[in-house]
Amino acid sequence: MNYNNIILEIDDYLAFITINRPKKLNALNRETIAELHNAFRDLEGDGNIRVIILTGSEDKAFVAGADISEFADFDTKKGSELAAKGQELLFDYIENLSTPVIAAINGFALGGGLELAMACHFRVASKNAKMGLPEVSLGLIPGYGGTQRLPRLIGKGKAMEMIMTANMITADEAQNFGLVNNVVDQNELVPLCEKLAFKISQNSSTAIAAAIKSINANDNDGVNGFDIEINQFGKCFGTDDFVEGTTAFLEKRKPNFK
Ligand code: COA
C-alpha cells in the first residue's frame, strides 16, 4: 500500500512505522491518522509480524500534536466527532492490538503526539525528547485519551499538574514519572527498541496477546481484570504455544514458537 504521510518498513518479524511530515513536526492530520490505522490493521493481520516500532521522522519530533490547522474552525459537534473518530481509528485501536507496539519517542511528543505514545504498549525516549499535553493553552483538553491514560501511567497529581500547567517535561523527568521506560542517546533509540523487540519476538505471541488483553482489562471500568486474567490464562492451555513452551522446558531446549 502507498502512503503519503508515513513510511512502513518490514524487517522479518519487525515492522517500523515512521510518521513522516517533518516540516509540520509530524503533526497528525486526518490523512495521517487514516494511514496509521490502515498500516496497524494490516500489520495486525500479518501473522509474521511480532512487534511494531512507531517513531517520527528526522530528529526533532515524534509528533508535535494533532494538526491544529485542521480543527481551528470546528464547533462543538465537530470537536466531539474528531475525538471519537481518532480514538476509534488510532488511539484505542493501538492499545487493543494483539501485536506489541513500542513508541520510540525521538523528539517532541506533544498533545496528540504524547497521547499516541501513551496508547502504545510501552515507551522508550531519546535524551532530546520533550513531552507534554499543552491543550489547555489552546482552550482545549486532551481529546485522544490523554486525561485517562496519563493519570494511569504517572498518577493523578502529576497528571493534573502536567495538564493544568501545559508544561513540557524532559525525557529524564518522564522516566522518573514512569511515563517512559528508558532514555538513551538519539542514535541508540532504534537499536534499543530493536533489542527489546527481539526479546519479545522470542516469546509466545499468543501468550503476549493474552497478557495485553489482561493488562488492559485493568483500565476498563466495570470489568474485573482478575476474571479476564483467569479466562485468558485458561485459554493459553489450549494453544500450541503452551505445548511447545512447556515441552521445550522439560526437554531443556529453547522453545520454537510459530
Ligand atoms: N499542528 C499543526 N502544525 C504544527 C504543529 C501542530 N500541532 N506543531 C508544529 N506545527 C508546524 C508549525 O506550524 C510550523 O509550520 P510552518 O513552518 O508551516 O509555520 C512547523 O510545524 C514547525 O514548527 P515551529 O513552531 O516553527 O517549530 P519550533 O521549533 O519553533 O517549535 C514546538 C516547536 C513543538 C514547540 C511548536 O511547534 C509547538 O508548540 N507546536 C504545537 C504543539 C501543540 O500545541 N500541540 C498540541 C496540539 S492539540
Side-chain angles (χ1 to χ4, degrees), residues 3-7 17-37 54-95 103-120 123-151 153-154 158-174 177 179-180 183 186 189:
Y3 296 111
N4 295 321
N5 305 280
I6 65 173
I7 300 166
I17 301 178
T18 305
I19 300 166
N20 188 33
R21 299 183 75 215
K23 290 199 174 103
K24 296 291 175 190
L25 303 185
N26 304 322
L28 293 176
N29 60 359
R30 219 170 301 137
E31 192 184 20
T32 306
I33 290 178
E35 289 185 1
L36 284 167
H37 172 81
L54 176 66
T55 195
S57 66
E58 301 192 356
D59 56 6
K60 192 169 171 185
F62 173 72
V63 169
D67 191 320
I68 297 168
S69 66
E70 275 193 348
F71 59 73
D73 61 351
F74 275 17
D75 59 16
T76 308
K77 184 164 176 283
K78 281 186 168 173
S80 304
E81 285 166 1
L82 179 75
K85 191 100 191 131
Q87 292 190 33
E88 181 195 328
L89 283 180
L90 191 57
F91 298 81
D92 291 351
Y93 192 79
I94 292 177
E95 185 167 53
I105 305 177
N106 57 311
F108 288 115
L110 301 174
L114 180 55
E115 291 175 296
L116 182 61
M118 290 193 291
C120 296
R123 291 143 292 284
V124 176
S126 56
K127 282 184 181 153
N128 64 310
K130 290 239 164 66
M131 284 156 256
L133 292 177
E135 283 86 348
V136 296
S137 71
L138 298 166
L140 289 172
I141 63 167
Y144 287 142
T147 65
Q148 304 306 299
R149 292 193 181 97
L150 188 63
L153 284 164
I154 71 172
K158 289 196 191 86
M160 284 279 190
E161 180 182 335
M162 270 183 75
I163 290 172
M164 286 186 220
T165 60
N167 278 345
M168 287 187 215
I169 59 171
T170 63
D172 286 335
E173 286 170 316
F177 287 3
L179 185 51
V180 303
V183 177
Q186 195 160 44
L189 183 63

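For ligands, and for the atoms within them, numbers begin at 1 and follow the listed sequence. Quick note: numbers below take in every heavy atom, side chains included, and nothing from hydrogens, waters or symmetry partners. In this chain, numbering begins with 1 at the start of the sequence shown.
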(message) Within the 4.5 Å heavy-atom criterion, are Leu133 and Leu114 side-chain neighbours or not?
(response) yes

(request) Number the atoms of ligand 1 from 1 as they appear, then name those within less than 4.0 Å of a heavy atom of Asp67, with their elements. (result) 1 (N), 2 (C)

(message) Between Asn20 and Pro22, is there a side-chain heavy-atom distance shorter than 4.5 Å?
(response) yes

(request) Run down the list Lys24, Lys23, Glu135, Lys60 and name the one with the heavy atom closest to atom 28 (P) of ligand 1. (result) Lys60

(request) Could you check atom 5 (C) of ligand 1 against the protein and tell me its nearest heavy-atom contact, residue, atom and distance included? (result) Ala27 CB, 4.0 Å

(request) Report, in ascending order of atom number, the atoms of ligand 1 lying under 4.0 Å from any heavy atom of Leu110. (result) 34 (C), 42 (C)

(request) Starting from atom 45 (N) of ligand 1, find the nearest protein heavy-atom neighbour and note its residue, name and distance. (result) Ala64 O, 3.1 Å

(request) Could you tell me how the ring of Tyr144 sits relative to the ring of Phe91: parallel (under 30°), tilted (30 to 60°) or perpendicular (over 60°)? (result) parallel

(message) So for ligand 1, is Ala66 a polar contact partner (N or O within less than 3.5 Å, distance only)?
(response) yes

(message) Just to confirm my output: which protein heavy-atom neighbour is closest to atom 35 (C) of ligand 1, and how far is it?
(response) Met168 CE, 4.0 Å

(message) Under a 4.0 Å threshold between the charged nitrogen and the carboxylate oxygen, would Asp67 count as salt-bridged to Arg21?
(response) yes

(request) Can you confirm whether something in the protein, heavy atoms only, sits under 4.0 Å from atom 39 (O) of ligand 1? (result) no

(message) Side chains of Ile163 and Ile141, heavy atoms from C-beta outward: is any pair under 4.5 Å?
(response) no

(message) Looking only at side-chain N and O atoms, does Thr170 offer a donor or acceptor that is under 3.5 Å from a partner on Glu173?
(response) yes

(request) May I ask you to list the atoms of ligand 1 that are less than 4.0 angstrom from any heavy atom of Pro134? (result) 43 (C), 44 (O), 45 (N), 46 (C)

(request) Provide, to 0.1 Å, the distance between atom 24 (P) of ligand 1 and the closest protein heavy atom, together with that atom's residue and name. (result) Leu25 CD1, 4.5 Å

(request) Could you find the nearest protein heavy atom to atom 1 (N) of ligand 1 and give me its residue, atom name and distance? (result) Ile68 N, 3.0 Å

(message) Looking only at the side chains, is there a donor atom on one of Asn128 and Ser126 sitting less than 3.5 Å from an acceptor on the other?
(response) yes

(request) Can you measure from OG1 (Thr147) to CD (Glu135) and round to the nearest 0.5 angstrom? (result) 10.0 Å

